[in-house]
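Here's the structure, in structure tokens; my notes come after.
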Amino acid sequence: MDARYQPIQIEEKWQRIWENNKSFQVVEDPRKPKYYVLEMFPYPSGRIHMGHVRNYSIGDVVARYKRMRGYNVLHPMGWDAFGLPAENAAIERRIHPEKWTQENILYMKTQLKRMGLSYDWAREVATCQPEYYRWNQWIFLQFYKRGLAYKKSSSVNWCPSCETVLANEQVIEGLCWRCESAVVQKELDQWFFRITRYAEELLRDLEQLTGWPEKVLTMQRNWIGKSIGAEILFPLINRQESLRVFTTRPDTVFGATFLSLAVEHSMALELSRGTSQESAVGQFIDRFRQQNSAGRGAEEGEKEGIFTGAYCQNPFSQVPIPIYIANFVLMEYGTGAVMAVPAHDQRDFEFARKYGLPIQVVIQPEDRILKTEELSEAYVGEGTMVNSGAFNGLRNIEGKDRIAEHLEREGWGQKSVRYRLRDWGVSRQRYWGTPIPIVYCNRCGVVAVLEEQLPVRLPTDVPFTGRGGSPLRESKLFTQVQCPQCGDDARRETDTMDTFVDSSWYFLRFVSPSLMTAPFDVQQAKYWMAVDQYIGGVEHAVLHLLYARFFTKALRDIGLARVDEPFTNLLTQGMVCKETYRCVEHNWLLPSELAGSEKEGWQCPQCARPVEKGRVEKMSKSKKNIIDPEELINAYGADTARLFTLFAAPPEKDLEWSDQGVEGAYRFLTRLWRFISQHRATLVGAIADLKQLNGVREARNLQRMIHRTIKKVTDDIDGRFHFNTAIAAIMELFNALSAAAQGPTRLQDRPLIKAGTEAMITLLYPFVPHLMSELWESLEKTQRLEQIPWPEYWPEALEEEELLIVVQVNGKVRGKMTVSADVQQSQIEVNALADARVSAFIDGKKVQRIIYVPRRLVNIVLEG
RNA sequence: GCCCGGAUGGUGGAAUUGGUAGACACACGGGACUUAAAAUCCCGAGGACCGAAAGGUUCGUGCCGGUUCGAGUCCGGCUCCGGGCACCA
């Protein structure tokens with residue numbers, strides 16, 4: 001055995017062995033329980049970053065642990081390979097997106113392999129391969145057949161910089177999620193997936209996702225945004241039609257003193273026709289349509305509106321009420337028209353005050369009496385209905401139902417449920433994505449490509465200029481086709497699919513990655529699905545996770561998937577952060593370019609001004625606080641990188657990078673190496689029996705510690721994912737074993753130290769697989785470590801012979817005593833009272849009572 | 001504004017059900033080895049106070065209050081930090 005720990009050699013050796021033995025390849029095996037662990041697959045940007053290292057280290061611990069527990073573990077990896085950066089590279093560096101992507105995948109794959117991650121690489125998929133994206137197209141056609149995919153003209157979010165449409169979720173505070181330029185509205189024909197058909201089920205099934213973080217469930221719930229209420233028809237005065245509004249507060253309908261329409265409402269201009277308001281209304285509409293496109297959502301502006309000149313009748317109060325157009329009413333939600341109840345809705349209240357509209361209180365709270373004149377804000381709480389005709393005196397909660405029933409009887413409307421969730425716009429005016437399998441024929445109209453003609457491949461004769469719309473339009477080869485129905489010349493759809501489509505079902509493709517006849521095999525999916533543990537960043541809490549849930553349900557209804565939910569358990573890991581350095585003038589600085597020193601204070605290399613040590617921030621290039629995983633591995637090896645990221649913080653919390661912490665992890669591994677090589681002579685040979693009882697007390701204590709560590713590490717890994725405390729416990733065991741191995745003669749119980757060392761190596765294997773495999777082999781075991789089962793603790797060994805009892809007086813610790821485990825409570829109390837320090841505190845006072853917590857503590861409560 | 005998290009030594013973090021707060025590690029200090037340094041090994045350590053020392057007292061988990069024999073943990077009211085949503089009728 002080498003005197004020095006040389007991680008690179010060891011790691012290359014074991015990676016080769018695992019690859020040659022196909023150690024992590026799996027097939028369905030009905031005799032074993034299955035376990036599917038999956039980490040969110042990466043976008044092949046070129047290099048892995050610390051976020052990947054952390055994500056995949058966590059997953060690998062779970063995978064290796066579950067294998068040792070006897071599970072048939074599916075642990076695949078692939079590439080989310082379509083997307084904008086590839087196209088940007090094509091524009092900037094004249095390299096084809098496909099070439100760029102393939103090169104990145106190759107490089108990143110070697111990086112991932114150097115991490116020693118236990119993937120079944122035989123199942124690798126890349127979403128940009130025709131073998132993969134043909135099934136995107138196939139699914140699209142199934143959706144199209146069922147009305148789940150449809151086309152509509154709509155105002156969409158348009159990023160002028162990326163020249164592409166963005167989903168609502170991709171617009172963050174009015175800015176493009178990717179390039180942060182201001183998003184504008186544009187009218188385009190778009191393909192949509194009817195996710196709203198599943199809104200109710202997507203909401204309801206959140207309840208069965210008990211293995212998901214509450215935070216993510218809440219975000220999804222809010223995103224779906226279910227509102228229960230009613231639609232009410234307000235008949236127009238002097239016209240035949242009615243205006244339909246949606247409200248969640250039918251109980252306040254008697255307080256509706258005007259109506260507000262969205263600027264885009266179809267009746268907005270129409271209502272003002274022939275009135276004195278007509279031209280003013282027209283101007284108002286033009287102005288706010290513009291404003292909307294300039295940056296909706298940027299901030300909450302002043303409420304503005306205009307009277308249309310028209311009136312309708314409140315069907316309940318029979319009062320004629322004016323109809324306004326208001327800038328804050330959204331066309332996309334509800335019906336684009338709201339009944340305004342200023343007394344009980346803050347927005348309506350502000351609007352009414354501004355335009356001098358009537359305010360009518362119809363709900364009175366319990367504790368005070370509202371008067372219209374005295375209102376300073378809307379009252380939105382519960383109460384009793386007043387000024388509401390036959391409904392007076394009802395609790396408003398009850399009133400909601402009673403009003404809704406009443407209007408259904410009268411034909412004035414009906415109960416209604418609305419969702420904030422919109423249909424998913426999947427069209428992208430881009431090249432590097434899945435072509436939408438649709439053809440436009442002058443004779444037949446919109447025609448689906450025949451399934452046997454799939455895949456519709458991306459053409460190669462496309463120029464990348466970065467200007468104009470979709471590059472696919474430039475390809476004659478691509479756009480000119482024959483109509484699948486009539487055979488006439490036709491034009492191919494040039495939109496490609498949102499890349500979220502690719503990632504919405506990749507976990508299903510992994511169960512049959514090379515199947516040519518279907519996206520995946522139903523039986524294989526039945527065996528492996530659902531994913532037992534999914535691990536990734538919380539940034540996908542809404543988008544990806546909601547779309548994947550939708551796809552799973554839709555594919556189930558098509559007859560392919562057999563599960564309702566794709567991911568049984570979800571772990572959202574925290575970000576990887578590091579401290580930053582910043583100069584007032586020259587902004588972020590690399591730690592390596594700083595002048596000065598930690599003690600004297602850092603200076604800017606350019607202007608020599610003192611540099612402020614900035615906050616701890618998420619690692620990013622722009623903040624110059626990244627650590628390159630490859631450099632880390634070159635310097636310390638993958639085992640150190642893994643150990644540090646797993647030890648520094650629990651997975652769901654943010655991890656603060658620390659170079660000294662990395663050193664510490666490396667030192668620990670070096671100490672282990674030295675320990676084994678030093679004591680190798682007594683540690684080699686067949687696995688020792690962990691259950692051999694030893695008469696010497698110190699040995700029994702060590703044995704107890706070994707078994708306690710096995711239990712602790714098992715509990716920490718399994719379900720709790722507290723890897724940091726699991727590792728801490730192993731470190732404690734190691735400290736105890738080292739002490740025992742060097743200690744006085746009584747502790748030199750060789751078979752026990754040997755058994756403890758073997759247990760320690762096994763326990764550490766999921767975290768530090770290369771080094772542990774090497775150490776295990778050096779101890780001349782017959783089987784490789786990854787074939788060894790997880791150690792079982794022996795409950796009998798956990799039993800304490802002696803207990804440390806804490807003695808409190810009035811809740812404060814005043815003494816400790818060691819007693820034999822079989823001593824009775826009464827005797828312990830007597831001993832406690834007899835303790836010299838304790839009795840000094842009692843000091844003649846009367847003992848009121850004694851609390852005894854079995855095996856732990858005695859609390860003597862004194863009078864007074 | 002609304003909804004979720006979070007706050008514990010010099011630092012990252014432990015304390016799983018209300019029962020010794022600070023495991024484990026980093027950084028730090030002292031010592032050993034060395035001509036010296038690095039590496040390694042050993043020892044120490046929450047703050048304040050008392051004591052020559054052994055040891056002891058007392059305060060202490062963001063702030064204020066409560067429940068309890070006992071609160072980092074439970075309850076009420078705040079402060080600050082992070083995240084999500086944001087005119088959704």
Side-chain angles (χ1 to χ4, degrees), chain A residues 172-173 213-223 225-227 229 245-249 252 256 260 262 296-297 299-301 303 326-330 332-341 344-348 350-351 418-422 538-539 541-542 574-575 615-616 644 647-650 652-665 667-668 670-671 674 712 715-716 719-720 722 724-732 734-735 738 742 804-816 837 840 848-862:
Chain A
I172 293 147
E173 288 180 0
E214 199 52 48
K215 178 187 162 86
V216 176
L217 296 176
T218 306
M219 284 167 73
Q220 293 224 348
R221 225 169 258 132
N222 292 342
W223 193 263
K226 182 179 184 177
S227 303
V245 306
F246 172 73
T247 180
T248 55
R249 295 293 306 271
T252 64
S260 307
R296 168 169 295 187
E299 78 195 72
E300 211 169 292
K303 287 182 179 38
N327 65 340
F328 64 90
V329 178
L330 305 174
E332 308 91 78
Y333 187 78
T335 61
V338 277
M339 67 176 208
V341 185
H344 305 293
D345 181 285
Q346 188 58 27
R347 293 156 301 183
D348 296 340
E350 286 167 29
F351 194 85
R418 293 278 171 168
Y419 301 89
R420 209 182 71 110
L421 181 71
R422 312 281 155 75
V538 73
E539 64 272 21
V542 184
M575 300 181 296
R615 300 182 342 144
V616 173
F644 171 71
F647 179 62
E652 68 278 8
K653 278 187 79 169
D654 286 352
L655 181 152
E656 189 184 331
W657 195 264
S658 151
D659 292 333
Q660 286 101 335
V662 175
E663 288 278 355
R667 268 204 300 271
F668 174 68
T670 310
R671 270 202 300 274
R674 249 197 329 265
K712 165 102 179 129
D715 292 348
D716 279 352
R720 237 165 69 103
H722 283 207
N724 56 333
T725 51
I727 292 167
I730 298 170
M731 286 174 168
E732 280 184 85
F734 175 59
N735 291 342
S738 314
Q742 299 164 359
L804 180 70
I805 305 283
V806 170
V807 184
Q808 297 183 333
V809 178
N810 283 340
K812 290 189 178 171
V813 179
R814 297 303 180 189
K816 291 164 195 182
R837 271 192 68 214
Q848 193 184 34
R849 64 164 155 153
I850 298 176
I851 312 269
Y852 176 63
V853 181
R855 306 169 71 80
R856 285 183 161 267
L857 167 146
V858 176
N859 188 9
I860 298 162
V861 185
L862 303 177

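Below, chain A is the first sequence line, B the second, and so on; all start at residue 1.
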Ring centers of A:Phe647, A:Phe668 separated by less than 6.0 Å: no
Donor-acceptor contact below 3.5 Å, side chain A:Arg422 vs main chain A:Arg420: yes
Whole-angstrom distance between B:C74 and B:G83, as gauged at atom P: 25 Å
Closest to the A:Tyr333 side chain, choosing from B:G12, B:A89, B:A27: B:A89
OP1 or OP2 of B:G70 under 4.0 Å from side-chain N/O of A:Asn810: no
Touch class at under 4.0 angstrom, heavy-atom based, for A:Gly225 against every strand present: nothing
Atom pair distance, as rounded to whole Å: CD in A:Glu214 and P in B:G84: 18 Å
cation_pi(A:Lys303, A:Phe351) dist<6.0 Å, angle<=45: no
B:A89 OP1/OP2 closer than 4.0 Å to side-chain N/O of A:Ser227: yes
Distance between P atoms of B:G55 and B:A39 (Å, rounded): 33 Å
Base of B:U16 paired with side chain of A:Lys712 (donor-acceptor, under 3.5 Å): yes
Rounded interatomic separation in angstrom, taking CD from A:Glu663 and P from B:A27: 8 Å
Touch class at under 4.0 angstrom, heavy-atom based, for A:Phe668 against every strand present: nothing
Donor-acceptor pair under 3.5 Å, A:Arg249 side chain vs B:A89 base: no
Of the listed nucleotides B:C88, B:A15, B:C87, the one nearest the side chain of A:Arg420: B:C88
Rounded distance in Å between the C1' positions of B:U57 and B:A23: 26 Å
A:Lys812 vs A:Gly336, nearer the 5' end of RNA chain B by closest nucleotide: A:Lys812
Sugar-phosphate, base or nothing in reach of A:Asn859, heavy atoms under 4.0 Å: base
Phosphate OP1/OP2 of B:C24 contacted by A:Arg667 side-chain N/O (<4.0 Å): no
Any A:Arg221 side-chain N or O less than 4.0 Å from OP1/OP2 of B:G84: no
A:Met575 CE to B:G84 C1', straight-line distance once rounded to whole Å: 13 Å
A:Arg418 to A:Phe246 six-membered ring, cation-pi geometry met (6.0 Å, 45°): yes
Closest non-hydrogen atom pair, A:Ala649 against A:Leu655: CB-CA, 4.3 Å
Options B:A23, B:U20, B:G13, nucleotide nearest the side-chain atoms of A:Glu732: B:A23
Phosphate contact (B:G70 OP1 or OP2) by A:Arg814 side-chain N/O below 4.0 Å: no
A:Pro650 side chain, from C-beta outward: closest of B:G13, B:G84, B:C26: B:G13
A:Leu655 CG - B:A25 C1' separation (whole Å): 13 Å
Sugar-phosphate only, base, or nothing, as touched by A:Gln346 at under 4.0 Å among non-hydrogen atoms: nothing
Stems formed with participation of RNA chain B [Watson-Crick or G-U wobble, under 3.5 Å, three or more pairs]: B:1-7 with B:79-85, B:10-12 with B:24-26, B:28-32 with B:40-44, B:46-50 with B:55-59, B:62-66 with B:74-78
Pairwise C1' distance, B:C41 and B:U73 [rounded to whole Å]: 40 Å
C1' spacing across the pair B:C24 / B:G18, given as an integer number of angstrom: 24 Å
Backbone N/O of A:Leu862 and side chain of A:Asn810: donor-acceptor pair under 3.5 Å: yes
pair A:Asn222-A:Gln220: side-chain heavy atoms closer than 4.5 Å: no
B:A71 to B:C63 separation - P atoms, rounded to the nearest Å: 15 Å
Whole-angstrom distance between B:C50 and B:U40, as gauged at atom P: 40 Å
Gap separating the NZ atom of A:Lys215 from the CD atom of A:Glu652, nearest 0.5 angstrom: 12.0 Å
Euclidean distance, atom CG of residue A:Asp716 to atom C1' of B:A15 [Å, nearest integer]: 12 Å
A:Arg856 side chain, from C-beta outward: closest of B:G84, B:A25, B:U20: B:U20
Closest listed nucleotide, where the reference is the side chain of A:Met731 and the choices are B:A14, B:A25, B:U40: B:A25
Nearest-nucleotide pick for A:Asn222, side chain only, options being B:G13, B:C88, B:C3: B:C3
Nucleotide nearest A:Val806 (side chain, heavy atoms from C-beta), chosen from B:C26, B:C88, B:U20: B:U20
Integer-rounded Å distance: B:U16 C1' and A:Glu652 CD: 13 Å
Heteroatom pairs (N/O) under 3.5 angstrom, protein to nucleotides 6-10 of chain B:
none

Residue met sooner reading RNA chain B from 5', once A:Asp348 and A:Asp715 are mapped to nucleotides: A:Asp715
Heavy-atom check, side chain of A:Ile851 versus side chain of A:Gln808, under 4.5 Å: no
Pairwise P distance, B:G31 and B:A36 [rounded to whole Å]: 13 Å
Under 3.5 Å: donor-acceptor pair, side chain of A:Arg837, backbone of A:Arg814: yes
Touch class at under 4.0 angstrom, heavy-atom based, for A:Arg418 against every strand present: nothing
Closest to the A:Thr218 side chain, choosing from B:A23, B:C3, B:G12: B:C3
A:Val813, nearest nucleotide to its side chain (from B:U20, B:C85, B:C4): B:U20
A:Phe644: partners by ring pair (Phe, Tyr, Trp, His ring centres under 6.0 Å), with sequence neighbours left out: A:Trp657
Torsion-based syn/anti label for B:G9, 90° from 0 as limit: syn
Donor-acceptor contact below 3.5 Å, side chain A:Asp654 vs main chain A:Met575: yes
Side chain to side chain contact (heavy atoms under 4.5 Å, CB included) between A:Val341 and A:Arg249, worked out: CA-CA 9 Å; A:Val341 185; A:Arg249 295 293 306 271; over 6 Å; no
